[in-house]
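In this text the structure is predicted, and so the values were computed from the model without any measurement. Residue numbers run from 1 in the order of the sequence given.
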Amino acid sequence: MPRDLRDEGTEDQRRQLSRLGSRFLLQVARIVAVSVDRELVTALVAMAVARANLRAVYADPDLALRYAGVSDIPPDSVRRPVSVYAVAKTLRLPYETTRRHVRKLEAVGVCVAVEGGVIVPAALAEGPELLSALEAGWAAVNALVADAQAVGLSGRADAVVPSEDVVRYAQRLSLSFFLDGLDLMGRVLDMEPLSVLIMRYVGFANIEHLVADPVLGPRYAGVEEVPPDDLRRPVSVYAVGKALLIPYETVRRHATKLVKLDLMERRPDGGLVAPARVITSPAIVAGMVEFADLTQGFLDRLAAIGLPPAPELDPGVAQAAATSPV
């Protein structure tokens, strides 16, 4: 069962945690898509392959520390191949769709076919695209920590990593948070990744302005405090596509499906809204609580590798960080 933060004597801020986690998740999706062919599903497949390849590093604390820094790239000898079938199952994608994207990744050198499946080779990590993504991801992680502290949230662990350079360690934690969060949302909505991310983006964009609002943020921070529809700002199909690097027509098609499923509403001006009546459904609430718990766990793991404490921010800087665009 998801942990109830109130049982630990803290104020209920699970909706605020969920908002912060959602923004970070959406930022990661864009960062990876930019570095991998600017096509979101292809990027998702690359991410799933990369995490599966490094499962030995995830499982071994000593290996995780050995490959913590920017220059500490896990060699191909520790990368375990993964099958197309396993990737498809992880992402809730059809096998043939996954196979097509893997072949696309192979054609540009992001994946390499080896005995037992495919890997993202170590040499790729030294390329300019992935180094740029590593830098952007590191900035996003630090922004998340600062944003969380600005609203009174933080990781609850003491640093145990004897290293100042933990950039790749944080990248792996981010990758797991992203894929676990995507899987959680897929289970809640019983949908494939694109619909999940579009639904997540619309829901977050509707209430993003609440994150840094000194009055409305705390007022609607807990599970029981649901922002009413008059506070939800509609978002256009164009804005969704631009943020997630998804073609306009693809977004329009998925949005139409979500409206027909009564998960979203289209306003008279064409803007999309995930209304309060959807957000308060039992399945969505349970999923939000689980995602808030996942986000707190991510902050805890970041704390364990030394990311908090971050410098205290004055209110102006904190608000600027908390309202930065996805």
Novice: When rounded to the nearest 0.5 angstrom, what is the spacing between CG in D76 and CG in L124?
Specialist: 10.5 Å
Novice: Checking the side chain of S132 only, and the main-chain atoms of P128 only, is there a donor and an acceptor separated by less than 3.5 Å?
Specialist: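 No, because the side chain of S132 does not come within donor-acceptor range (under 3.5 Å) of the backbone of P128.
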Novice: Consider only side-chain N and O atoms of R30 and Q27, and report whether a donor and an acceptor are under 3.5 Å apart.
Specialist: no
Novice: Do L245 and L40 touch side chain to side chain, with heavy atoms closer than 4.5 Å?
Specialist: no
Novice: Would a single hydrophobic cluster contain both V82 and V114, if residues Ile, Leu, Val, Met, Phe, Trp and Tyr are joined by side-chain heavy-atom contacts under 4.5 Å?
Specialist: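 Hydrophobic grouping puts V114 apart from V82.
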Novice: Counting N and O atoms only, with roles assigned by atom type, does the side chain of D147 sit under 3.5 Å from a partner on the main chain of L20, one being a donor and the other an acceptor?
Specialist: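 No; judged by distance alone, with no hydrogens or angles, the pair does not exist.
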Novice: For L299 and A148, which heavy atoms make the closest approach, and how far apart are they?
Specialist: CD1-CB, 4.1 Å
Novice: For residues S18 and R200, report the shortest heavy-atom separation together with the two atoms involved.
Specialist: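 Smallest heavy-atom distance, with atoms named: OG-NH1, 4.3 Å.
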Novice: Which pairs with one or both residues in residues 243-254 pass side-chain hydrogen bond (donor to acceptor under 3.5 Å, both in side chains), sequence neighbours excluded?
Specialist: S195-H254, E249-R252
Novice: What's the separation between atom SG in C111 and atom CZ in R103, rounded to the nearest 0.5 Å?
Specialist: 9.5 Å
Novice: What closest approach, in Å, do L182 and P193 show between heavy atoms, and which atom pair accounts for it?
Specialist: CD2-CB, 4.2 Å
Novice: Test side chain to side chain contact (heavy atoms under 4.5 Å, CB included) on R266 and T256 and set out the steps.
Specialist: CA-CA 9 Å; R266 196 184 301 272; T256 298; 3.6 Å; yes
Novice: When clusters are formed by joining ILVMFWY residues with side-chain heavy atoms under 4.5 Å apart, either directly or through shared neighbours, do V112 and V36 land in the same one?
Specialist: no
Novice: At their closest point, which heavy atom of V141 faces which heavy atom of S174, and how far apart are they?
Specialist: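 Shortest heavy-atom separation between V141 and S174 comes out as CG2-OG, 3.2 Å.
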Novice: Evaluate the criterion side chain to side chain contact (heavy atoms under 4.5 Å, CB included) for residue pair Y201 and S22; output intermediate values, then yes/no.
Specialist: CA-CA 8 Å; Y201 181 84; S22 293; over 6 Å; no
Novice: So E290 and L294, do their side chains get closer than 4.5 Å, heavy atoms only?
Specialist: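 In short, these two side chains do not touch, never coming nearer than 4.5 Å.
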Novice: Answer yes or no: is there a donor N or O on one side and an acceptor on the other, between the side chain of D183 and the main chain of L179, under 3.5 Å?
Specialist: no
Novice: Would you say CG of D190 has more than 12 non-hydrogen atoms from neighbouring residues, nucleotides or ligands within 6.0 angstrom?
Specialist: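 At most 12 heavy atoms, drawn from other residues, nucleotides or ligands, come within 6.0 Å of this atom.
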Novice: Are more than 12 heavy atoms from other residues, nucleotides or ligands located less than 6.0 Å from atom NZ of K257?
Specialist: yes
Novice: Heavy atoms only: give me the nearest R23-F204 pair and the separation to one decimal.
Specialist: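 Closest approach of R23 to F204, heavy atoms only: CB-CZ, 3.4 Å.
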Novice: May I ask you to test the L231-I207 pair for a side-chain heavy-atom distance under 4.5 Å?
Specialist: no
Novice: Do D72 and R66 have side chains that get closer than 4.5 Å, going by heavy atoms?
Specialist: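 Sidechains of R66 and D72: no contact.
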Novice: Take F291 and L25 through the test side chain to side chain contact (heavy atoms under 4.5 Å, CB included) and record every step on the way to the result.
Specialist: CA-CA 11 Å; F291 184 70; L25 184 146; 4.1 Å; yes
Novice: Taking V151's backbone N and O only, do any of them form a donor-acceptor pair with Q13's side chain (distance below 3.5 Å, no angle check)?
Specialist: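 Present.
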Novice: Ignoring hydrogens and geometry, is there a side-chain-to-backbone donor-acceptor pair from R15 to V223 under 3.5 Å?
Specialist: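 Yes; at least one donor-acceptor contact below 3.5 Å.
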Novice: Begin with the C-alpha distance, continue with both residues' side-chain angles, and end with the deciding distance and a verdict on side chain to side chain contact (heavy atoms under 4.5 Å, CB included) for T98 and K89.
Specialist: CA-CA 9 Å; T98 308; K89 187 175 180 181; over 6 Å; no
Novice: Measure across P74 and A122 and return the closest heavy-atom pair with its distance rounded to 0.1 Å.
Specialist: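 Of all heavy-atom pairs spanning P74 and A122, the closest is O-CB, 3.4 Å.
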Novice: With clusters defined by side-chain heavy atoms of hydrophobic residues (ILVMFWY) lying less than 4.5 Å apart, directly or transitively, does I31 cluster with V240?
Specialist: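 Not linked; separate clusters.
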Novice: Can you run down the side-chain hydrogen bond (donor to acceptor under 3.5 Å, both in side chains) pairs that involve residues 227-247, sequence neighbours left out, and say none if there aren't any?
Specialist: D229-R232
Novice: Could you measure the distance from the CG atom of L244 to the CG atom of L194? Nearest 0.5 Å is fine.
Specialist: 8.5 Å
Novice: Please tell me if the side chains of L189 and I284 come closer than 4.5 Å, counting only heavy atoms from C-beta onward.
Specialist: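 The answer is yes, as the side chains (C-beta and beyond) meet within the 4.5 Å cut-off.
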Novice: Say whether V273 and L210 are linked into one hydrophobic cluster, either directly or through other cluster members, by side-chain heavy-atom distances under 4.5 angstrom.
Specialist: no
Novice: So R219 and V215, do their side chains get closer than 4.5 Å, heavy atoms only?
Specialist: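 Yes, at least one pair of side-chain atoms sits under 4.5 Å.
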Novice: With a 4.5 Å heavy-atom cut-off, do L258 and M191 have their side chains touching?
Specialist: yes
Novice: To the nearest 0.5 Å, how far apart are CD1 in I246 and CG in L197?
Specialist: 6.5 Å
Novice: Please verify the inter-ring angle class for F24 with F177; under 30° counts as parallel, over 60° as perpendicular, anything in between as tilted.
Specialist: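 It falls in the tilted class, 30° to 60°.
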Novice: Distance from D293 atom CG to F298 atom CZ, nearest 0.5 Å?
Specialist: 14.0 Å
Novice: Is there a side-chain contact between L26 and E208 (heavy atoms, below 4.5 Å)?
Specialist: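 Counting from C-beta outward, L26 and E208 never come under 4.5 Å.
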Novice: More than 12 heavy atoms of other residues, nucleotides or ligands under 6.0 Å from CD of E106: is that the case?
Specialist: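 Correct, the count exceeds 12.
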Novice: How far does CG of L105 sit from CD of E39, to the nearest 0.5 angstrom?
Specialist: 9.5 Å
Novice: For residues 45-58, which side-chain donor-acceptor pairs fall under 3.5 Å, sequence neighbours excluded?
Specialist:
| from | atom 1 | to | atom 2 | distance (Å) |
| --- | --- | --- | --- | --- |
| R51 | NH1 | S176 | OG | 3.4 |
| R51 | NH1 | D180 | OD1 | 3.0 |
| N53 | OD1 | V120 | N | 2.7 |
| N53 | ND2 | V49 | O | 3.3 |
| N53 | ND2 | R80 | O | 2.9 |
| N53 | ND2 | V118 | O | 3.1 |
| R55 | NH1 | A52 | O | 2.4 |
| R55 | NH1 | R80 | O | 3.4 |
| R55 | NH2 | P81 | O | 3.2 |
| Y58 | OH | R172 | O | 2.7 |

Novice: Spell out, yes or no, whether V34 and V28 are grouped together once hydrophobic residues are joined by side-chain heavy atoms under 4.5 Å, including indirect joins.
Specialist: no
